[in-house]
2 protein chains.
Amino acid sequence: MSPFEDLISPSVGFGKEIAALAAARDASANRAKVSTKDRIAQATELLFLQRGYEGTSLRAITTEANVNLAAVNYHYGSKEELFTKLLTERLDPLNDERAARLDSLKAKGFDREHRVEQIIATLFLPALSLARDPAQGGPDFLRFIGRAYADPSDFVRKLLAERYAATNLKFKQAFGEALPGLAEHDLAMRLNFILDAVSSTLASEDVRRVLGGLQSERADDDLNLLAYLAPFLGAALRAAVRSPSQIAALQNL
Amino acid sequence: MSPFEDLISPSVGFGKEIAALAAARDASANRAKVSTKDRIAQATELLFLQRGYEGTSLRAITTEANVNLAAVNYHYGSKEELFTKLLTERLDPLNDERAARLDSLKAKGFDREHRVEQIIATLFLPALSLARDPAQGGPDFLRFIGRAYADPSDFVRKLLAERYAATNLKFKQAFGEALPGLAEHDLAMRLNFILDAVSSTLASEDVRRVLGGLQSERADDDLNLLAYLAPFLGAALRAAVRSPSQIAALQNL
DNA sequence: GGCAAAATCAAACAACTGTTTGAATCGTGC
DNA sequence: GCACGATTCAAACAGTTGTTTGATTTTGCC
């Protein structure tokens, strides 16, 4: 039995707000009228994917949404509050699920041999299963969170760092325990390394070709992508576990 | 003998403009007066490292440089021309050296077993040896090019893509030949993957701790970092060489 | 139907951006 | 010492940004 088997579990349900949003979006597909507030949200998501936080002006949003400029401040308060709402709406469930799965994995005990791969799986399998949930925004979900983690603006970076500091620390510690002998700053560097890589990969268009049909309901696809990426990332992390003397010995590899 | 030995070669010399700039910078270390034009360049580099292209306003530059606002347009023409000058001044030599080393490597013939690692070495060993050259800007050189390749602005991205398209294509083809059986879009994805990762790593502060003393003249340090990174990146690239059927077989790895 | 609350609107706000102007200053060769 | 080109300067330009205002329209309830 694969050590990842347990990780492929049905996702828990999430707030009614998101369901309401999705319902409103479906209604738009059928008829015509979407509320001003929701049209702003949709236009913002679209433009954020294309241009990021700083590159997306309120006027671009209101033009795309066919809405008066003042509507954003009326419905959301400010640009930062608008983006905070959109970002946390997707990232809160993601990080909750990540933390929950890591806890249950810890409780059950890690696999001896594939500990790193198990943690990697816990880190981004939730993103894959949430991406499959139409109530979470569908196939653009992955691109959205990839963009979010790659966004260079102070505002987004601070939001992610502060709001999810606890979860991030949990995973850092888990990797640290799975990779003893790796200096702390080395671990931090390697984690940034693979996180950046995963973010930009998720944000790209190509990942969907790898995923194939995201519409599929079968969790086997998760295993496919996991089998595709986990050895890749695992090898990267493990390769860092080398003392300076070992590095010297590698000179004529 | 290591297949990388040949790659550690003395860097060729570069234009007198850069030498003049470096001379001016040295003069500043001795006495006090640096020309307005050079103070603008220094302030721009500093702020670009901190905030990127879009995040760096001309007023921030002129304030940091203790210079009148109009001086930028007077000496450089425009903000884009200023950044183009600074970027190409460092990236032109880097890409020229990369292309030259790849050509000579091709002429000599690749090592059978470590072909991927050889190309990886060719891709970023020039950056390391140029970083050691004080005429190229010293230890900040790596952070600078890392920042450049990670910058999200249309202007910088287009500049890098267009100006160095030929070199980029050369390396893509070299990797493609070294990794037969890897579909083109997979190769592109993997290359973006490791390029993003390397860029953000170079741009970070931590890389200097790994590098230890950049002031050292000994090329052995290059080999150290190469031995540190090449297996890491090589493993990542090789892990992608898997057919869909092989992926399926990996489900219970 | 009327009326109060909610929503939309055009317009302006102050702060910022890169760029240009024209006068004042500087430095150098005569 | 003077004149002329190079440089610096304060000021203003036209454009953008996020936000606010006050009037107008729409909506839902009695």
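Labels below follow one simple rule: chain letters A, B, ... track the order of the sequence lines, proteins then strands, and each chain is numbered from 1.
In this structure, the side-chain hydrogen bond (donor to acceptor under 3.5 Å, both in side chains) partners of R163(A), at least two apart in sequence or on a different chain, are D92(A). When the side-chain hydrogen bond (donor to acceptor under 3.5 Å, both in side chains) test is applied to S78(A), the partners found at least two apart in sequence or on another chain are E81(A).
Within the 4.0 Å cut-off from OP1 or OP2 of dT7(D), not a single side-chain nitrogen or oxygen of T36(B) is found. Here H75(B) does not reach the OP1 or OP2 of dA6(D): none of its side-chain N or O atoms lies under 4.0 Å away.
When every heavy atom of L142(A) is checked against every heavy atom of A127(A), the shortest pair comes out as CD2-O, 3.6 Å. Across K79(B) and T56(B), no two heavy atoms sit closer than the pair NZ-O, 2.9 Å. Considering all non-hydrogen atoms of both residues, V34(A) and Q42(A) come closest at CG1-OE1, 3.6 Å. Taking each heavy atom of S153(B) and Y53(B) in turn, the nearest pair found is OG-CD2, 3.6 Å. Contact detail for A65(B) and R39(B): the closest heavy-atom pair is O-NH1, 3.1 Å.
The side-chain tip of K37(B) points at the ring of Y76(B) from less than 6.0 angstrom away and within 45° of straight on.
Atom pair Y74(B):OH and dT8(D):C1' shows a separation of 9 Å (rounding to whole Å applied). One interatomic measurement links the two molecules: CG of N73(B) to P of dA6(D), which rounds to 18 Å at whole-angstrom precision. As rounded to whole Å, 15 Å separates atom C1' of dT17(D) from atom CZ of R51(A).
Between F144(B) and F48(B), the angle of the ring planes lies from 30° to 60°, which puts this pair in the tilted group.
For DNA chain C, the residues of residues 56-72 of chain B within the heavy-atom distance limit of 4.0 Å (strictly under) are T56(B), S57(B), L58(B), R59(B), L69(B), A70(B), sorted by number.
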Return all side-chain donor-acceptor pairs below 3.5 angstrom for residues 155-162 of chain A, not counting sequence neighbours, or 'none' if the list is empty.
none

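Each end of the helix from dG1(C)-dC30(D) to dC16(C)-dG15(D) gets its own rotation axis from five pairs of C1' atoms, and the angle between them is 10° to the nearest 10 degrees.
Within a 6.0 Å sphere centred on CG of D103(B), other residues, nucleotides and ligands contribute more than 12 heavy atoms.
Contacts between chain A and DNA chain C, taken as any atom within less than 4.0 angstrom of a protein heavy atom, begin and end at dA6(C) to dA12(C).
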